[in-house]
Amino acid sequence: QVQLVESGGGLVQAGGSLRLSCAASGRTFSSYAMGWFRQAPGKEREFVAAISWSGDNTYYADSVKGRFTISRDNAKNTVYLQMNSLKPEDKAVYYCAADVLGSYYYTGVWDPNGMDYWGKGTLVTVSS
């Protein structure tokens, strides 16, 4: 079992920055990859960014590449999402998720259905 708790969401003006955190507990944090996903009202949950268990490899959706940075601190059991140059279209509930069974390494896709554990999400609102 893995428990995930997100924090750091809030209201920010377009062009601003936020840093999301996701604290994990349960299984050994450094043994699995982590991802961030988001879901806007009326839309499906979509991939944002992911990071390998070691932190050596990172992956981004095209829509956030160059603006968002994912990182992890295995000593603190925490993964982060630094979001810069935020746009109104980034408004969504952001979820962190754990890929404990290694789905990505079998499919090559960061699919929400392949993630094993989820946090409850944190709301990011970007005003124009």
Side-chain angles (χ1 to χ4, degrees):
Q1 287 284 348
V2 174
Q3 294 78 42
L4 303 172
V5 179
E6 303 96 336
S7 61
L11 172 63
V12 64
Q13 288 188 331
S17 298
L18 280 175
R19 187 174 85 153
L20 307 184
S21 300
C22 173
S25 60
R27 294 185 60 158
T28 304
F29 182 67
S30 60
S31 66
Y32 50 86
M34 292 290 298
W36 285 97
F37 295 76
R38 67 186 181 186
Q39 189 165 18
K43 295 189 177 181
E44 293 186 352
R45 195 168 296 190
E46 65 175 1
F47 169 71
V48 175
I51 189 166
S52 62
W53 64 270
S54 65
D56 288 344
N57 298 300
T58 57
Y59 312 84
Y60 296 95
D62 288 343
S63 59
V64 306
K65 203 170 292 184
R67 300 188 298 123
F68 291 11
T69 302
I70 189 170
S71 61
R72 66 189 296 160
D73 185 336
N74 286 344
K76 295 183 178 180
N77 290 356
T78 302
V79 63
Y80 305 96
L81 186 68
Q82 178 66 44
M83 305 186 295
N84 298 330
S85 302
L86 281 161
K87 304 176 181 179
E89 52 263 43
D90 294 318
K91 174 184 176 179
V93 177
Y94 284 71
Y95 300 89
C96 67
D99 184 15
V100 173
L101 298 180
S103 176
Y104 172 78
Y105 298 102
Y106 292 99
T107 67
V109 177
W110 292 105
D111 183 345
N113 294 321
M115 307 302 282
D116 303 299
Y117 296 95
W118 292 87
K120 294 184 177 181
T122 185
L123 177 63
V124 172
T125 303
V126 184
S127 64
S128 56

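Below, all heavy atoms of this structure are taken into account, side chains as well, without hydrogens, waters or symmetry copies.
The CZ atom of Arg19 lies 11.5 Å from the OG1 atom of Thr69; values are rounded to the nearest 0.5 Å. Within the model, atoms CG of Leu86 and CD of Gln13 stand 11.5 Å from one another, a figure rounded to the nearest 0.5 Å. Annotation: the span from Asn77 atom CG to Leu4 atom CG amounts to 10.5 Å, rounded to 0.5 Å. Taking SG of Cys96 as the start and OH of Tyr117 as the end, the distance is 13.5 Å to the nearest 0.5 Å. Note that OG1 of Thr78 is 9.0 Å distant from CE of Met34, once rounded to the nearest 0.5 Å.
Clustering ILVMFWY residues whenever any of their side-chain heavy atoms sit less than 4.5 angstrom apart, transitively, puts Ile70 in the very cluster that holds Val100. Placement of Val48 and Tyr80 in two distinct hydrophobic clusters is found when ILVMFWY residues are connected by side-chain heavy-atom separations under 4.5 Å, directly or transitively. If you chain together hydrophobic residues whose side chains sit under 4.5 Å apart, Val64 and Tyr94 fall into the same group. At a threshold of 4.5 Å between side-chain heavy atoms, the hydrophobic network of Ile, Leu, Val, Met, Phe, Trp and Tyr places Leu81 and Tyr95 in two separate groups.
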*For Val12 and Met83, run side chain to side chain contact (heavy atoms under 4.5 Å, CB included): C-alpha distance rounded to whole Å, both residues' side-chain angles, the deciding distance at 0.1 Å, then the answer.*
CA-CA 11 Å; Val12 64; Met83 305 186 295; over 6 Å; no
*Tell me, with the steps shown, if Phe68 and Leu18 meet side chain to side chain contact (heavy atoms under 4.5 Å, CB included).*
CA-CA 10 Å; Phe68 291 11; Leu18 280 175; over 6 Å; no
*Test side chain to side chain contact (heavy atoms under 4.5 Å, CB included) applied to Trp36 and Arg38, step by step*: CA-CA 7 Å; Trp36 285 97; Arg38 67 186 181 186; over 6 Å; no
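Side-chain N or O atoms of Glu6 include one that pairs as donor or acceptor with a backbone N or O of Gly121 at under 3.5 Å. Side-chain atoms of Asn74 do not come within 3.5 Å of backbone N or O of Ser30 as any donor-acceptor pair. Of the possible polar contacts, one joining the Arg72 side chain to the Phe29 backbone as a donor-acceptor pair under 3.5 Å is found.
Across Leu20 and Gly9, no two heavy atoms sit closer than the pair CD2-N, 3.6 Å. Shown here for Ser103 and Gly114, the closest heavy-atom pair between the two residues is CB-O, 3.3 Å. Residues Ala14 and Pro88 share a closest heavy-atom pair of CB-CD, 4.1 Å. The heavy-atom pair separating Asn113 from Asp111 by the smallest distance is N-OD1, 2.9 Å. Minimum heavy-atom separation, Asp99 to Asp116: C-OD2, 3.4 Å. Nearest approach of Leu123 to Ala92, heavy atoms of both residues: CD1-O, 3.6 Å.
Residue Tyr105 qualifies as enclosed at atom OH: its count of foreign heavy atoms under 6.0 Å is above 12. By the 6.0 Å contact criterion, CH2 on Trp53 is open, its count of non-hydrogen atoms from other residues, nucleotides or ligands being 12 or less.
Here the two rings, on Phe37 and Trp110, have centers that are 6.0 Å apart or farther. Centroid-to-centroid, the aromatic rings of Phe47 and Tyr59 stay 6.0 Å apart or farther.
Note that Arg27 lies outside the cation-pi zone of Tyr32, set by a 6.0 Å cut-off to the ring centre and a 45° limit from the axis.
Looking at Asp90 and Lys87, no side-chain N of the basic residue comes within less than 4.0 Å of a carboxylate O on the acidic one, giving no salt bridge.
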